[in-house]
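Below: one structure, written as structure tokens.
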Amino acid sequence: MAGKALACVAAALLLSPVLIAADDGDDLSARQLADQAKDNLLDAKSVHLKLTDRSTDTRTSTTQPTSMDLALDRHGNCVGSMEMGAHGGSVEIVKQGDDVWMKPDADFWKAQVPGGQGDAVAELFKNRYIHGSTDDAMLKGMADTCDLTAFQKEVAGDGNGATTLTKGAETTVDGAKVVPLKGTKDGKQEVLYVTSDSPHRLVKATQHGGGTDLTLTFTDYDKPVPTATPSAKESVDVGKLQEELQNT
């Protein structure tokens with residue numbers, strides 16, 4: 001259930017191959033901006049990211065997120081939500097340490113649990129979080145989405161097949177002045193938006209073409225992830241879900 005979504009998106013957006021870039025003679029070359037943005041992303045202790053994926057394959061899949069909004073850190077803590085394609089529903093997720101809470105909506109349950117069983121589970125656990133640990137197989141995939149360290153490793157990559165990037169004219173993204181770094185890879189147009197002022201940080205990345213339509217934004221570098229967790233009254237132990245799936 002989208003357990004490796006962040007790593008897959010990072011690879012799809014080709015954030016790692018930004019090491020080759022054209023030098024246009026301005027104050028900082030595209031390469032320098034890309035290098036610094038990449039380093040700052042790899043050094044981040046936490047980040048708030050938002051994904052929008054309108055790619056053809058994703059929109060028709062109930063297991064891949066078409067949108068994601070997550071604050072996550074290197075310790076595996078996170079809070080946020082994701083929405084699946086093809087009317088696959090949405091799910092809220094909270095993770096602190098080894099504890100995981102997820103609250104799917106009815107459409108999510110119906111898409112993930114086959115037959116009438118999905119309706120029964122959706123009604124039984126309506127508006128409640130399923131709570132367990134990262135040792136629970138049913139929660140581990142979702143918990144893996146919270147791993148900023150794994151995401152950063154994917155971004156680091158090995159640099160093979162690097163894309164040449166060129167600088168565009170300064171513009172703004174959510175009020176921040178940015179320099180777009182543009183490139184093409186496998187027929188797809190890529191743009192990395194890096195803040196004009198130091199520290200130079202990646203705030204947005206897009207990839208379009210060939211059925212791909214991805215946007216990923218980054219904010220709140222190094223801002224702590226909220227620590228509030230669902231109450232016991234709002235939660236049901238994952239064991240109850242496992243029993244329900246076995247008995248229905």
Side-chain angles (χ1 to χ4, degrees), residues 2 4-16 18 28 30 32-55 58 64-83 90-96 142-157 165 167-183 190-208 212-229:
K4 296 184 179 180
L6 296 187
C8 292
V9 169
L13 284 173
L14 298 174
L15 296 181
S16 58
V18 298
L28 284 179
Q32 290 170 320
L33 283 171
D35 284 353
Q36 290 186 34
K38 179 180 177 180
D39 289 342
N40 284 322
L41 182 57
L42 295 179
D43 289 341
K45 297 177 181 177
S46 61
V47 71
H48 183 180
L49 64 84
K50 293 183 180 181
L51 162 74
T52 301
D53 187 350
R54 298 189 179 91
S55 303
T58 304
Q64 292 299 319
T66 55
S67 66
M68 187 184 307
D69 187 334
L70 285 177
L72 65 164
D73 65 23
R74 286 185 175 181
H75 299 293
N77 303 314
C78 81
V79 59
S81 62
M82 62 181 70
E83 184 171 346
S90 61
V91 57
E92 296 177 27
I93 181 170
V94 177
K95 182 175 179 292
Q96 283 288 320
M142 194 66 70
D144 287 346
T145 306
C146 293
D147 194 343
L148 178 60
T149 300
F151 178 78
Q152 290 170 323
K153 288 180 179 178
E154 189 71 26
V155 170
L165 298 172
K167 289 170 66 174
E170 185 181 65
T171 185
T172 58
V173 171
D174 294 332
K177 292 182 179 180
V178 297
V179 176
L181 307 178
K182 304 176 181 180
E190 302 173 5
V191 185
L192 307 180
Y193 296 87
V194 177
T195 53
S196 303
D197 296 331
S198 182
H200 300 291
R201 288 172 170 166
L202 179 66
V203 298
K204 183 178 179 181
T206 64
Q207 187 182 71
H208 299 95
T212 298
D213 185 354
L214 286 167
T215 300
L216 193 58
T217 64
F218 300 85
T219 58
D220 296 338
Y221 280 74
D222 298 326
K223 182 178 180 179
V225 172
T227 57
T229 58

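Excluded from the calculations below are hydrogen atoms, water molecules and symmetry mates; all remaining heavy atoms, backbone and side chain alike, are included. In what follows, residues are counted from 1 in the order of the sequence shown. Computed from a predicted structure; not experimentally measured.
Surrounding CZ of Arg74 are more than 12 heavy atoms belonging to other residues, nucleotides or ligands, all under 6.0 Å away.
Closest approach of Val155 and Lys38 over heavy atoms only: O-CE, 3.9 Å. Across all their heavy atoms, Lys45 and Asp222 have their closest contact at N-OD1, 2.7 Å. The heavy-atom pair separating Val79 from Pro226 by the smallest distance is CG1-CD, 3.7 Å. Here the shortest heavy-atom pairing between Ala34 and Leu165 reads CB-CD1, 4.4 Å. The heavy-atom pair separating Pro180 from Val191 by the smallest distance is CB-CG1, 3.8 Å. The two residues Leu214 and Asp53 have their closest heavy-atom pair at CD2-CG, 3.1 Å.
Residues Ile93 and Cys146 are in side-chain contact: their nearest non-hydrogen atoms beyond the backbone lie under 4.5 Å apart. Counting heavy atoms from C-beta on, the side chains of Phe218 and Leu41 come closer than 4.5 Å. The side-chain heavy atoms of Lys50 and Thr52, taken from C-beta on, include no pair separated by under 4.5 Å. By the 4.5 Å heavy-atom criterion applied to side chains, Thr215 and Leu51 are not counted as neighbours. The side-chain heavy atoms of Met142 and Lys95, taken from C-beta on, include no pair separated by under 4.5 Å. Leu202 is not listed as a side-chain neighbour of Asn40, based on a closest heavy-atom distance of 4.5 Å or more. Annotation: side chain of Val203 is in contact with side chain of Val178 (closest heavy-atom distance under 4.5 Å). Under the 4.5 Å side-chain criterion, counting only non-hydrogen atoms from C-beta, Tyr221 is in contact with Arg201.
With rounding to the nearest 0.5 Å, the separation of CG in Leu216 from OG1 in Thr206 is 10.5 Å. With values rounded to the nearest 0.5 angstrom, Asp69 atom CG is found 8.0 Å from Leu49 atom CG. Atoms CZ and CG, from Phe151 and Leu70 in turn, are 10.5 Å apart once rounded to the nearest 0.5 Å. One finds the CG atom of Leu72 at 11.5 Å from the CG atom of Asp220 (value rounded to the nearest 0.5 Å). Taken from NE2 in His48 to NZ in Lys223, the straight-line distance is 9.0 Å, to the nearest 0.5 Å. Atom-to-atom distance recorded for Ser90:OG and Met68:CE is 12.5 Å, nearest 0.5 angstrom.
Defined by atom type and a distance below 3.5 Å, a donor-acceptor pair is missing between the side-chain atoms of Thr195 and Asp197. Side-chain polar atoms of Glu170 and Ser196 form a donor-acceptor pair below 3.5 angstrom. With no hydrogens or angles considered, no side-chain donor-acceptor pair links Ser55 and Asp213 at under 3.5 Å.
Using modelled atom types, one side-chain atom of Gln152 and one backbone atom of Ala44 make a donor-acceptor pair closer than 3.5 Å. A donor-acceptor distance shorter than 3.5 angstrom exists from the side chain of Thr66 to the backbone of Glu83, with no hydrogens or angles considered.
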Under the side chain to side chain contact (heavy atoms under 4.5 Å, CB included) criterion, do Asp39 and His200 qualify, and how do the steps go? CA-CA 9 Å; Asp39 289 342; His200 300 291; over 6 Å; no
